[in-house]
Student: 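I am attaching a structure below and will ask some questions about it afterwards.
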Amino acid sequence: MTKRLLIKNAAQLITMEGYSNNPARKEEMSQIGMIEDGAVYMENGIIIEVGPSADIVNKYQDSIHASEIIDATGKVITPGLIDPHTHLVHAGTRENEYAMRLQGKTYMEIMEAGGGIHATTRATQEASHEELFDQSKKRLNKLLLHGVTTLEAKSGYGLTLDHEIKQLEVAKQLNESHPIDIVSTFMGAHAIPLSEKSDPEKFVSKVITEMIPEVAKRKLATFNDVFCERGVFTPDQSKRILEAGKTHGLIPKIHADEIEPYGGAELAASVGAISADHLLRASDQGIKDMTDAGVIGVLLPGTAFFLMADFAEGRKMIDSGIAIALSTDANPGSSPTLSLPFIMNLGCLKMGMTPEEVLTATTINAAHAIGCADVAGSLEAGKKADFTIFDVPNYLTLSYQYGMNHVDTVIKGGVPLVVGGHLK
Ligand code: NIG
Ligand code: FE
């Protein structure tokens, strides 16, 4: 039986139409394809038609039942939000380190003393598959309640072959059992394990010769990410790890220039990464190289906010011609949030982006950053029927009122999962 759904009378419907083949750059990031008094009709989880309510209602309303109609009067519809950089699957929290940082300790000092990523690695290694699944599923539901319908999730708190695979298996099981779509990234090169500190090259070689081939063989990841940072992986080690991933079909991503300028943006361009993420301290040369190579910049202003650091130069990067996406970086150390809408506020207030640009950066450009723009990120015929309906009168309000959750309804594959701000 055909499953139908019609949503009508939206004060504003933001389509993001026209950028499924290439991400939006420069002025294109302001073209959000807004339809006033908009409607959308879908069948079997796929969008059939988007347009003014008068046209869509006229065409489809008679053939469907009243229970298959949602009235979005006074609300804004966007494509389901996409969070292209999360560390969703992990165990435990690190509020003790937050208290230490408030007393003046830095993020890297805590990590060098055996905390930080190492603390979460210990907790994640100790957790069973079921415990990891349960903790991560709770986070997934909170992301959904904040309007997210697709996200990327990284490993990187296992740091041994078995524990990295455990994390990726949990992500796979979540993808299969939870309606949110999850794209997986292998990030075995997230930290040098404390036990291997005396010989980092030995660990690099394990990542290259043991972990990458096994993860690729089991088809557990699409992307391969590295924390390229002084005291973690050097640009040379990062390059070798990313090149090794490429030979096994894993597409490179980089945690680049997060704490200090370290050549991460330049490296992203030279290895042909799909995205370079963070970029708080990217150099001018790095920005130019990324622009020329067409690397997407995934900016994570929640991390700068929470680490009390300078923000990435989002405005400058957009003006340079880099396609920008935004993400939570959801993780227990540098960005413990599950609110992508708050990240939109920060994009405007702290990185000089406009309300239109932050919408583009959390929908179609975010989809490009994780390779799913063919099916998600915009409201166009043929795409998945993934929408978020916000209880705001216009899209400007989304990046104006902050620290509030305006999500009213989330529809994934044509099925309402959040209604009235609550999980159904
Ligand atoms: O994106 N920088 C490396 N990875 C994460 C933080 C991980 C953690 O602190 O647990 C990030 O900031
Ligand atoms: Fe991260």
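Numbering of ligands and ligand atoms starts at 1, following listing order. Source: prediction; values computed, not measured.
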Student: For a distance under 2.8 Å, give residue and atom name for each protein N, O or S atom next to the Fe ion (ligand 2).
Tutor: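 Per the 2.8 Å query on the Fe ion (ligand 2), atoms found are H85 NE2, H87 NE2, H255 NE2, D329 OD1.
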
Student: For residues 405-415, please give each side-chain donor-acceptor pair under 3.5 Å, one per line with the distance, not counting sequence neighbours.
Tutor:
{"residue": "N405", "atom": "OD1", "partner": "V407", "partner atom": "N", "Å": "3.0"}
{"residue": "N405", "atom": "ND2", "partner": "L145", "partner atom": "O", "Å": "2.9"}
{"residue": "H406", "atom": "NE2", "partner": "Q401", "partner atom": "OE1", "Å": "3.0"}
{"residue": "K412", "atom": "NZ", "partner": "T149", "partner atom": "O", "Å": "2.9"}
{"residue": "K412", "atom": "NZ", "partner": "T150", "partner atom": "OG1", "Å": "3.4"}
{"residue": "K412", "atom": "NZ", "partner": "D181", "partner atom": "OD2", "Å": "2.7"}
{"residue": "K412", "atom": "NZ", "partner": "D386", "partner atom": "OD2", "Å": "2.7"}

Student: Using a cut-off of 6.0 Å, state whether more than 12 heavy atoms not belonging to K138 lie near its atom NZ.
Tutor: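 No, because the 6.0 Å sphere around NZ of K138 holds 12 heavy atoms or fewer from other groups.
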
Student: For residues 289-308, which side-chain donor-acceptor pairs fall under 3.5 Å, sequence neighbours excluded?
Tutor:
{"residue": "D289", "atom": "OD1", "partner": "Q285", "partner atom": "NE2", "Å": "2.8"}
{"residue": "T291", "atom": "OG1", "partner": "I287", "partner atom": "O", "Å": "2.6"}
{"residue": "T291", "atom": "OG1", "partner": "S320", "partner atom": "OG", "Å": "2.7"}
{"residue": "D292", "atom": "OD2", "partner": "K288", "partner atom": "NZ", "Å": "2.8"}
{"residue": "T303", "atom": "OG1", "partner": "L300", "partner atom": "O", "Å": "3.4"}
{"residue": "T303", "atom": "OG1", "partner": "D329", "partner atom": "OD2", "Å": "2.9"}

Student: Work out which heavy atom in E201 is nearest to a heavy atom in Q237; give both atom names and the distance.
Tutor: OE2-NE2, 3.1 Å

Student: D225 and side-chain hydrogen bond (donor to acceptor under 3.5 Å, both in side chains): which partner among H190, K253, K154?
Tutor: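 One option only clears the test, and that one is K154.
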
Student: Give, for atom CE of M404 and atom CZ of F342, the distance between the pair rounded to the nearest 0.5 Å.
Tutor: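 Rounded to the nearest 0.5 Å, the CE-CZ separation comes out at 13.5 Å.
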
Student: Are the ring centres of H87 and H255 closer than 6.0 Å?
Tutor: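 Ring centres of H255 and H87 closer than 6.0 Å.
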
Student: For ligand 1, which of its N or O atoms have a protein N or O partner closer than 3.5 Å, and how long is each gap?
Tutor:
{"residue": "ligand 1", "atom": "1 (O)", "partner": "H87", "partner atom": "NE2", "Å": "3.4"}
{"residue": "ligand 1", "atom": "1 (O)", "partner": "H255", "partner atom": "NE2", "Å": "3.0"}
{"residue": "ligand 1", "atom": "1 (O)", "partner": "H278", "partner atom": "NE2", "Å": "2.8"}
{"residue": "ligand 1", "atom": "1 (O)", "partner": "D329", "partner atom": "OD1", "Å": "2.9"}
{"residue": "ligand 1", "atom": "1 (O)", "partner": "D329", "partner atom": "OD2", "Å": "2.9"}
{"residue": "ligand 1", "atom": "2 (N)", "partner": "E258", "partner atom": "OE1", "Å": "2.7"}
{"residue": "ligand 1", "atom": "4 (N)", "partner": "H190", "partner atom": "NE2", "Å": "2.7"}
{"residue": "ligand 1", "atom": "9 (O)", "partner": "R94", "partner atom": "NH2", "Å": "2.8"}
{"residue": "ligand 1", "atom": "9 (O)", "partner": "Y107", "partner atom": "OH", "Å": "2.5"}
{"residue": "ligand 1", "atom": "10 (O)", "partner": "R94", "partner atom": "NH1", "Å": "2.9"}
{"residue": "ligand 1", "atom": "10 (O)", "partner": "R94", "partner atom": "NH2", "Å": "3.4"}
{"residue": "ligand 1", "atom": "10 (O)", "partner": "Y157", "partner atom": "OH", "Å": "2.6"}
{"residue": "ligand 1", "atom": "12 (O)", "partner": "E258", "partner atom": "OE2", "Å": "2.9"}
{"residue": "ligand 1", "atom": "12 (O)", "partner": "D329", "partner atom": "OD2", "Å": "3.1"}
{"residue": "ligand 1", "atom": "12 (O)", "partner": "S334", "partner atom": "OG", "Å": "2.6"}

Student: Determine, step by step, whether E260 and E229 satisfy the side-chain contact (heavy atoms from CB on, under 4.5 Å) criterion, reporting the C-alpha distance in whole Å, the side-chain angles of both residues, the deciding distance to 0.1 Å, and the verdict.
Tutor: CA-CA 7 Å; E260 53 179 277; E229 195 73 43; 3.7 Å; yes

Student: I'd like to know if R122 pairs up with E126 as an ion pair, taking the criterion as any Lys NZ or Arg NE/NH1/NH2 lying under 4.0 Å from an Asp or Glu carboxylate oxygen.
Tutor: no

